[in-house]
2 protein chains.
Amino acid sequence: MAERKSRAQQIADDLRGAIRSGAYGAGDRLPTRAELAKRYDVASATIAAAIDQLRADGLVEGITGSGVYVRAHRPVLRSARNRLSRDERAAGRGAFTTDAHTGGWTPRSEVTVRTGPAGEQIAELLDIAPTEQVLIRDRVMYADDDVVQLATSYLPLAIATPEMAVPDTGPGGLYARLEEAGHPLTRYEETVRAGRADHDEAAALATTPGTTVFRLVRVASTAECPVEVNRITMLAERFELYYDLPAR
Amino acid sequence: MAERKSRAQQIADDLRGAIRSGAYGAGDRLPTRAELAKRYDVASATIAAAIDQLRADGLVEGITGSGVYVRAHRPVLRSARNRLSRDERAAGRGAFTTDAHTGGWTPRSEVTVRTGPAGEQIAELLDIAPTEQVLIRDRVMYADDDVVQLATSYLPLAIATPEMAVPDTGPGGLYARLEEAGHPLTRYEETVRAGRADHDEAAALATTPGTTVFRLVRVASTAECPVEVNRITMLAERFELYYDLPAR
DNA sequence: GAGTGGTCTAGACCACAAC
DNA sequence: TTGTGGTCTAGACCACTCC
């Protein structure tokens, strides 16, 4: 069963072990490419390939002209079990803020609001016509000044109120405003995929292309119909999704 | 915002577009490395790097000595909303089988059973001592003859019955046996992470190291205490996790 | 035996950091 | 100015497939 490892793979595993064991601590600089090439007796491109793996794993960060540094073990952002609860909204917190509050990190968002046609995918989820206008809220979300997720929210214009169309939706966020506007939410459906960031996502998330990301689609519904779709892209290395499911 | 793309990145994007657009269909062979190197006027190693990306995305599969082939777009295995329900178990289906039944694919498992000490991580989740013996069930799970996930289940020996210690736990699976044995399940907690397959996982999943995977930990509990922990590794490109959450 | 993908080499160039 | 990481080149070797 044990297949042959490539030399680059072996070196990557070796370095990974050295980092995990603490031989190189957070913030430390790894030996230079030339140094490692000599130590392992391989070409420098082979070292580069090994380091590529560590970078993809988020273990290490290369800074051109300076060195390759062990990344600080940044805390995992655990999605909170109560992040969609009315109690949290009543306390003035939205889903992201609830996660932040539970995890003890500092949240921040940059929001832009626009309108446009729903398009096919969103229309199907919202059960409306693809040409129907929707309110689109783009958010870039930070945890302690690191970009950690992107979210785009779609809401039929027919349902939207003026307070939903401004960047800051106030305490409890969009869901609180929806319930106030006479749309009590009864159900959330979340669909989770994992993949790799493409060039544009990587730029928005301030990482390199190929970084592992979660892609989550949440549909919030009232008893009658879906009212909001939220497409979220999260840095996988920073998140842990948590679901508490009652047996039935 | 638009940062500079490397040449390999550009070529990867170009080929990706050609595949998506249907210029290369499922099962087609891409031009050879030499051919592509000539066409794009780059060294063959640059083509190899570009193809590496497509392979990591699961778009393409390289067969040494033969060629690089566009992979058949295999269906996404959507985790079923009712996969943990008693109704499904009463119909003789476990969680994996329920997903299969809902999605219309054919499930198969290979199971090995052993016992051993819980170890720290599992012990904490099960709320027992790390030295306490647990029943360990290793499963390799197939969908239509492709390995798609690995699962290891941990169960305190104190709770286990003889029927839980054999490879085939019978209709409804382990959870059905647990409930029969007087441990009615009230709650499941799932924690989801995403990452990259290491060398060993890749071998077990019959892919290449670096493939994106879900890592899911499920803790099944009775009203009194946790009774089972299941650590699941799934090929991310084959799965979509679905959660249906009532508002509260 | 010819051709292929997967891997590695030795060397090069560039943009950038550090001095 | 020097050294670094990131990228690419031209060429090579191997195991493998296909003929």
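Chain naming here is simple, since letters A, B, ... match the order of the sequence lines and numbering starts at 1 in each.
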Open item on the list: Between C1' on C:dC8 and OH on A:Y40, what's the gap in Å once rounded to a whole number?
Closed with: 17 Å
TODO: Write down the distance between OH (A:Y69) and P (D:dG6), rounded to a whole number of angstrom.
DONE: 11 Å
Open item on the list: Of the listed nucleotides (D:dA10, C:dA17, C:dA10), which one gets closest to any side-chain atom of B:A45?
Closed with: D:dA10
Open item on the list: Can a donor-acceptor pair be found, under 3.5 Å and without considering hydrogens, that links the side chain of A:R215 to the backbone of A:R196?
Closed with: yes
Open item on the list: Is B:T46 close enough to D:dT9 that one of its side-chain N or O atoms is under 4.0 Å from OP1 or OP2 there?
Closed with: yes
Task: Among C:dT9, C:dG6, D:dT9, the nucleotide that comes nearest once only the side chain of B:R33 is considered - done: C:dG6
Task: Interatomic spacing from CG in B:L241 to OG1 in A:T191 - rounded to 0.5 Å - done: 9.0 Å
Open item on the list: Could you tell me how far apart A:R29 (CZ) and C:dC16 (P) are, to the nearest whole angstrom?
Closed with: 19 Å
- [ ] Write down the distance between NZ (A:K5) and P (C:dG6), rounded to a whole number of angstrom.
- [x] 20 Å
Open item on the list: How many whole angstroms separate atom CD1 of A:I47 from atom C1' of C:dC8?
Closed with: 12 Å
- [ ] Counting heavy atoms from C-beta on, name the nucleotide in C:dT9, D:dG11, D:dC18 closest to the side chain of B:S66.
- [x] D:dC18
Open item on the list: By the 4.0 Å heavy-atom rule, please label A:A8 as base, sugar-phosphate, or nothing.
Closed with: sugar-phosphate
- [ ] Return yes if some donor-acceptor pair links the side-chain N/O of B:R139 with the main-chain N/O of B:S153 below 3.5 Å, else return no.
- [x] no
TODO: Report which part of the nucleic acid B:I63 touches: base, sugar-phosphate, or nothing (heavy-atom distance under 4.0 Å, all strands).
DONE: sugar-phosphate
- [ ] Could you tell me whether the phosphate oxygens of D:dG6, OP1 or OP2, come under 4.0 Å of any side-chain nitrogen or oxygen in A:T64?
- [x] no
TODO: If the plane angle is over 60° it's perpendicular, under 30° parallel, otherwise tilted; pick one for B:Y243 and A:Y243.
DONE: parallel
- [ ] Would you kindly say whether A:Y40 and A:Q10 are connected by a side-chain donor-acceptor distance under 3.5 Å?
- [x] no
TODO: Using atom CG of B:L30 as one end and atom P of C:dG6 as the other, report the distance to the nearest whole Å.
DONE: 11 Å
Open item on the list: Between A:R55 and D:dG6, is there a contact of a side-chain N or O with OP1 or OP2 at under 4.0 Å?
Closed with: yes
TODO: Would you mind reading off the distance between A:R7 atom CZ and C:dG6 atom P, rounded to a whole angstrom?
DONE: 21 Å
Open item on the list: How many whole angstroms separate atom CD of B:E35 from atom P of C:dT4?
Closed with: 10 Å
Task: Among D:dT4, D:dA10, C:dA17, the nucleotide that comes nearest once only the side chain of B:A43 is considered - done: D:dA10
Task: B:G65 or A:D41, whichever maps to the more 5' nucleotide of DNA chain C - done: B:G65
Task: Given DNA chain C, 5'-ward residue of the pair A:A49 and B:V68, judged by closest heavy atom - done: B:V68
